[in-house]
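Residue numbers count from 1 along this sequence. Scope of the values below: all heavy atoms of this structure, side chains included, with no hydrogens, waters or symmetry mates.
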Amino acid sequence: MPFGKQVFLISGHILQVINLDNKQLEPNNNNEKENDNKKKIKLFLIFIIVFVIVFCGVYFAIQLYNNHITAPPKTTTAPTTQITPSENPVDNPIDFKSLQEKNDEIYAWIKVDDTNVDHPIVQSATDDEFYLKHKAEDKSWSASGAVYTELANSKNFKDPVTVIYGHNGYGDTMFTTLHRFEDEDFFNNHPYFTIYTTNRKLTYQIVSAFKYDDRHILNSFRFSDISVLEDFQKMIQNPDSVSKNIRTQLDTEITKDSKIVILSTCITNQKSNRLLICGVLTKDEKTN
């Protein structure tokens, strides 16, 4: 019996030792797990920080690149900022007297070199849409209409922005051949167009030719507001259009006193778009 108790006691003692050892080992296992978790958290935080740094770097790099690409081109201009009318008469090739005997609403003439744009300009005294379907020469009905301005514009071309309209698509009549300015070489080689009035020859340098939407320009912008006018002037010098040609070397600086003429025509099969040819007055001459 004593031996049995001793064995039991020894066994019990051994079991107690074993249990004690197990209890002593458990905290060590927990510490290792905690250390592993801390390492994982540190690695995760490091990953997040690196990711944020890389993302921010890429984002700002893209922004800098985009700003560089979309920055307006530098425009080189002569020091002239105001057009002084010349009183040395030049020849006026247009016989306004004969034209006005047939239609007294003819008040100017436009000519664009190497195009078929060589037409009288009219303005109806009562109906802005009249010349959409009537000839300038005698007011007779015509599908191709006439080249005209609206009542919102004066007839002396002294408004900050004058819009002249002409049809596209009726053979090569009216403003159809203005689409030649969509070609970069043609645009570069034809920098001017001319408007004659009864006593003036007005020369405009073409600033840009581009595709625009079909909004009514004179109704959409309040050009009496200088800030609106300046924003519009900036737009025509660097239009946000996938189809555009721009002239960066101008004879005169465009300011709030500049006189802009826009030639507007439709684009075939694009009812919601227009082609705009934008010119700034660079020379004002008296005619005989």
Side-chain angles (χ1 to χ4, degrees), residues 75 77 80-86 92 94 106-123 128 131 136 146-168 174-175 177-181 187 190-212 215-221 223-224 228-237 239 244-247 250-266 274-285 287:
T75 300
T77 61
T80 304
T81 59
Q82 186 173 358
I83 305 303
T84 302
S86 171
N92 192 330
I94 310 303
I106 295 174
Y107 73 94
W109 191 282
I110 183 169
K111 180 174 176 57
V112 184
D113 290 340
D114 293 326
T115 72
N116 290 344
V117 178
D118 194 4
H119 301 295
I121 302 174
V122 285
Q123 185 180 107
D128 280 338
Y131 286 107
V147 173
Y148 69 96
T149 59
E150 296 181 336
L151 289 166
N153 276 135
S154 65
K155 294 190 287 187
N156 58 14
F157 297 97
K158 291 185 178 180
D159 294 335
V161 178
T162 298
V163 182
I164 304 177
Y165 300 93
H167 277 307
N168 163 69
M174 301 307 135
F175 276 178
T177 53
L178 287 181
H179 284 276
R180 294 175 185 175
F181 283 97
F187 177 89
H190 295 82
Y192 302 99
F193 64 81
T194 306
I195 292 176
Y196 292 94
T197 66
T198 56
N199 60 357
R200 312 300 301 185
K201 177 184 178 182
L202 307 175
T203 302
Y204 295 83
Q205 187 173 28
I206 299 173
V207 178
S208 57
F210 59 97
K211 184 166 70 173
Y212 197 57
R215 78 184 75 180
H216 190 285
I217 292 174
L218 297 177
N219 290 342
S220 300
F221 300 94
F223 293 123
S224 58
V228 173
L229 175 62
E230 289 178 345
D231 287 343
F232 186 82
Q233 290 174 337
K234 290 177 183 177
M235 185 277 291
I236 67 171
Q237 292 178 80
K244 62 183 177 182
N245 284 312
I246 303 170
R247 182 162 282 104
L250 301 179
D251 297 343
T252 183
E253 180 183 3
I254 295 179
T255 70
K256 62 182 179 62
D257 297 318
S258 296
K259 309 305 176 189
I260 303 294
V261 165
I262 298 176
L263 312 181
S264 175
T265 192
C266 296
R274 299 290 182 270
L275 174 67
L276 303 185
I277 311 297
C278 303
V280 59
L281 181 67
T282 57
K283 189 182 294 185
D284 179 356
E285 300 171 282
T287 61

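- A donor-acceptor pair shorter than 3.5 Å cannot be found between the side chains of Tyr212 and Ser264.
- In this structure the side chain of Leu263 reaches within 4.5 angstrom of the side chain of Phe175, judged on heavy atoms.
- Between Pro239 and Lys244, the shortest heavy-atom contact is O-NZ, 2.8 Å.
- By the ring-ring contact (aromatic ring centres under 6.0 Å, His included) test, His190 pairs with Phe186, sequence neighbours left out.
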> Does the pair Val261 and Phe193 meet the rule for a side-chain contact (heavy atoms from CB on, under 4.5 Å), with working shown?
Replying inline: CA-CA 10 Å; Val261 165; Phe193 64 81; 3.9 Å; yes
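- Rounding to the nearest 0.5 Å gives a distance of 5.0 Å between CG of Asn153 and CG of Asp159.
- Minimum heavy-atom separation, Arg247 to Gln205: CD-NE2, 3.6 Å.
- Counting heavy atoms from C-beta on, the side chains of Phe232 and Val161 come closer than 4.5 Å.
- Contact annotation: the side chain of Ser208 never approaches that of Gln237 to less than 4.5 Å [non-hydrogen atoms, C-beta and beyond].
- There is a side-chain donor-acceptor pair under 3.5 Å between Gln123 and Thr149.
- Here the straight-line distance linking atom CZ of Phe210 with atom CG of Leu276 works out to 4.5 Å at 0.5 Å rounding.
- Contact of the Ile217 side chain with the Asn219 side chain is not registered, since no non-hydrogen atoms from C-beta on lie closer than 4.5 Å.
- Remark: the Thr265 side chain and the Asn168 side chain contain no N/O donor-acceptor pair separated by less than 3.5 Å.
- Of all heavy-atom pairs between Ile106 and Ala136, the closest is CD1-O, 3.5 Å.
- For the pair Lys201 and Tyr196, the NZ or CZ position fails the cation-pi test of under 6.0 Å to the six-membered ring centre and within 45 degrees of the ring normal.
- Taking the six-membered ring for Trp and thresholds of 30 and 60 degrees, Phe221 and Phe223 have nearly parallel ring planes, at less than 30 degrees apart.
- Between Leu178 and Val112, some side-chain heavy-atom pair lies under the 4.5 Å cut-off.
- Closest approach of Tyr107 to Val122, counting heavy atoms only: CE2-C, 3.7 Å.
- Here Tyr165 pairs with nothing under the side-chain hydrogen bond (donor to acceptor under 3.5 Å, both in side chains) rule; sequence neighbours left out.
- Here the straight-line distance linking atom SG of Cys278 with atom OH of Tyr204 works out to 13.0 Å at 0.5 Å rounding.
- For the pair Ile262/Ile277, no side-chain contact is recorded, criterion being any heavy-atom separation below 4.5 Å from C-beta on.
- Atom-to-atom distance recorded for Thr115:OG1 and His179:NE2 is 12.0 Å, nearest 0.5 angstrom.
- Considering every non-hydrogen atom in both Ile110 and Ile195, the closest pair reads CG1-CG1, 4.1 Å.
- For the atom pair CG of Asn245 and CD1 of Ile206, the computed distance is 10.5 Å after rounding to the nearest 0.5 Å.
- Between Tyr192 and the choices Thr203, Asp113, Asp251, the side chain to side chain donor-acceptor pair (under 3.5 Å) rule is met once, by Asp251.
- Here Asp284 pairs with Arg200 under the salt bridge (Lys or Arg N to Asp or Glu O under 4.0 Å) rule; sequence neighbours left out.
- Other residues, nucleotides and ligands contribute only 12 or fewer heavy atoms inside 6.0 Å of the NZ atom of Lys283.
- Using a distance-only test at 3.5 Å, with no hydrogens or angles considered, no donor-acceptor pair links the side chain of Thr162 to the main chain of Phe157.
- Annotation: side chain of Thr177 is in contact with side chain of Val117 (closest heavy-atom distance under 4.5 Å).
- The shortest distance between side-chain heavy atoms of Val280 and Lys259 does not fall below 4.5 Å.
- The CG atom of Leu281 lies 6.0 Å from the CG atom of Leu202; values are rounded to the nearest 0.5 Å.
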